[in-house]
Amino acid sequence: MEPNLGVNLAGLELHNPFVLASGIWGSAAETLIRAGQAGAGAVTSKSCSVVPRRGHPNPAVLPWRGGLINAVGLANPGAAEERLILRDTQRGLRPLGVPLIASIFGGTPDEYARAAELVAQAEPDIIEVNISCPNVQNEFGVPFALDPGAAAQVTAAVRAVYSGRLFIKLSPNTPAITAVARAAAQAGADGFTAVNTLGPGMLIDTHARMPILSNRIGGISGPALLPIALRCVYEITQALSLPVIGTGGIASGEAALQMVMAGATALGVGSALAGEGTAVFQRLSAELRTLMAAEGIAALSEVRGCAHG
Amino acid sequence: MAETLYARMRVVRKVTEGSIGVTLILDGELPCEPGQFAMVWVPGVEERPFTLMNDTPVGLTIAEVGPLTHALCALNPGDWVWLRGPYGHGYPLQGERLLLIGGGSGSASLALLAKRAKLHDLHVRTFLGARSASLLMLAWYMADLSEKLSIATDDGTLGFHGSVLQAAASDLPWATAVYACGPEGMLAALAASRKPDAPPCWVNLERVMRCGIGVCGSCHCGSQLVCADGPVFAVEKVAAYLGSGHT
């Protein structure tokens, strides 16, 4: 029997578990819809904030041996404008049966809430809250994602204005990701995306004798992130029963199955689009189907979290 | 992927392009298809995409418009440039008679095409246009690679007085394929004027890029990514979006 790639993510039926990750392929309706047409199970828009941001100058995104490093700087047209883009995107994705995940960020809990109110008007299927940015009310600008209390405040602020599915995107850059996840869950989160980029890291050009990124430092993604993402998803799903979009270095069916066995319900795909484009979705689905057939797995739910023993 | 991301190359020759910019010939190679591009970095300044006007050795034609192009135009023989690439898809050679239409710095992406066409003994006619004679780029270079080189200037200071599209119109029936690069208004006009029986037409687009490798989506034109799906497109694939660019 042909293995079934379909998954149920917080009540949403996805044709397959592969989700276009936030920040990949930007936030134009046309490119997001194309990802859906190319076989993504769901599509995440680029993070937006109430206030538009230009982002950092180039070099801002670079390939390296282990994947990518980026310091785009959360460039976005602002949540009011993004809301219109998301409306067009949703119009294109609905007929395909591909859910839309809208990503937001802010500098304070209130900014998060205002961004959520705006993008909610486009009726996304999930709002994903990117909490890896600096908390401007913290003396040292510590990201919300590194502080369970701050993560809970943001979650509660968005929960207060949005009754739909609410996912929190967690950072791997904390020794206690489970504590952050638990705090967000208690504040009303329906699920998690784990994980955001690792680091920050740095690349240096030995001829120029300086960091290559204009921002000097940036987030690391791609294959280098996979083992860390696996561990984070494993820990979160061991502690909590909420669904997780496992994200980080998924570039093969093998990595995808590992992530499901760690406990993920859906699988974010980002850096793997480099060089391959949206063809990556068909390839990953085919590879995963082949692996499942070989392992005698009829549905991913059979093995979700099985690595926990 | 090698541990070093950029190839560092030295400027060996600098040619002034009218009053608008320079062509830099470097001491390295980036074998590529005509129309492909490299991300060019000047440490401490910025990184942006530039078409490779030649690949062996690398040549860059730069119109001075901002901080990075200002820094590149200020380089002299012996100075260094950092490049990663080549990226994207280039122009396919189609048929025996190639009509090349370049506007302003757009002529840079046609230079390697003309060179390759000559290598394959194809017939090349080139039309280059600019607002004024001093803003023309690479006319000196294209002359030797084209059976016919025609110049058009909006102000009539050199060649045909009018747009490069008007100048090239009478040669359209001759061509087995048309290749164009220049301001998007020019490309939009070219797309709009095409007749149903027109030969295949390829356009090379320019967009703000961050990654250059099909990840970030900054350079989209409709559903197409200029860096990964292009920068060369069959004109009908992008015609509806021409003019929407922010470069």
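Excluded from the calculations below are hydrogen atoms, water molecules and symmetry mates; all remaining heavy atoms, backbone and side chain alike, are included. Reminder, nothing fancy here: chain letters follow the sequence lines and each chain counts from 1. Values in this document were obtained by computation on a predicted structure and should not be read as measured data.
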Please evaluate residues A:Trp64 and B:Thr4 with respect to the criterion side-chain contact (heavy atoms from CB on, under 4.5 Å), reporting the C-alpha separation (whole Å), side-chain torsions for both, the decisive distance (0.1 Å), and the verdict.
CA-CA 8 Å; A:Trp64 66 289; B:Thr4 49; over 6 Å; no

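Ranked by heavy-atom pairs under 4.5 Å with chain A, the list B:Cys227, B:Ala228, B:Cys211, B:Gly44 is led by B:Cys211. Contact count versus chain B (heavy atoms, under 4.5 Å) is highest, among A:Ile212, A:Thr206, A:Ile204, A:Thr278, for A:Ile212.
Contact detail for B:Trp82 and A:Ala208: the closest heavy-atom pair is CZ2-N, 3.7 Å. Heavy-atom minimum distance, B:Cys216 versus A:Val61: CB-CG2, 4.5 Å. Between A:Trp25 and B:Ser223 the shortest heavy-atom distance is CZ3-O, 4.4 Å. When all heavy atoms are compared, the tightest approach of B:Val215 to A:Ala274 is CG2-CB, 3.3 Å.
Rounded to the nearest 0.5 angstrom, B:Asp229 CG and A:Arg34 CZ are separated by 4.0 Å.
For chain A, no part of B:Trp80 is nearby; none of its heavy atoms comes within less than 4.5 Å. Proximity to chain A is limited to the side chain of B:Arg8, based on heavy atoms less than 4.5 angstrom apart. Contact annotation for A:Ser214: neither backbone nor side-chain heavy atoms come within less than 4.5 Å of a heavy atom of chain B.
Side-chain contact between B:Met39 and A:Asn58: present, with at least one pair of heavy atoms (C-beta onward) separated by less than 4.5 Å. B:Pro43 places none of its side-chain heavy atoms less than 4.5 Å from the side chain of A:Asp205. In this structure, A:Glu30 and B:Gln224 have side chains that are not in contact, with every pair of non-hydrogen atoms separated by 4.5 Å or more. Using a 4.5 Å cut-off on side-chain heavy atoms (C-beta onward), B:Ile213 and A:Leu68 make contact.
The environment of CZ in B:Arg131 is sparse: at most 12 heavy-atom neighbours from other residues, nucleotides or ligands sit within 6.0 Å.
For the pair B:Arg210 (side chain) and A:Pro57 (backbone), a donor-acceptor distance under 3.5 Å is absent.
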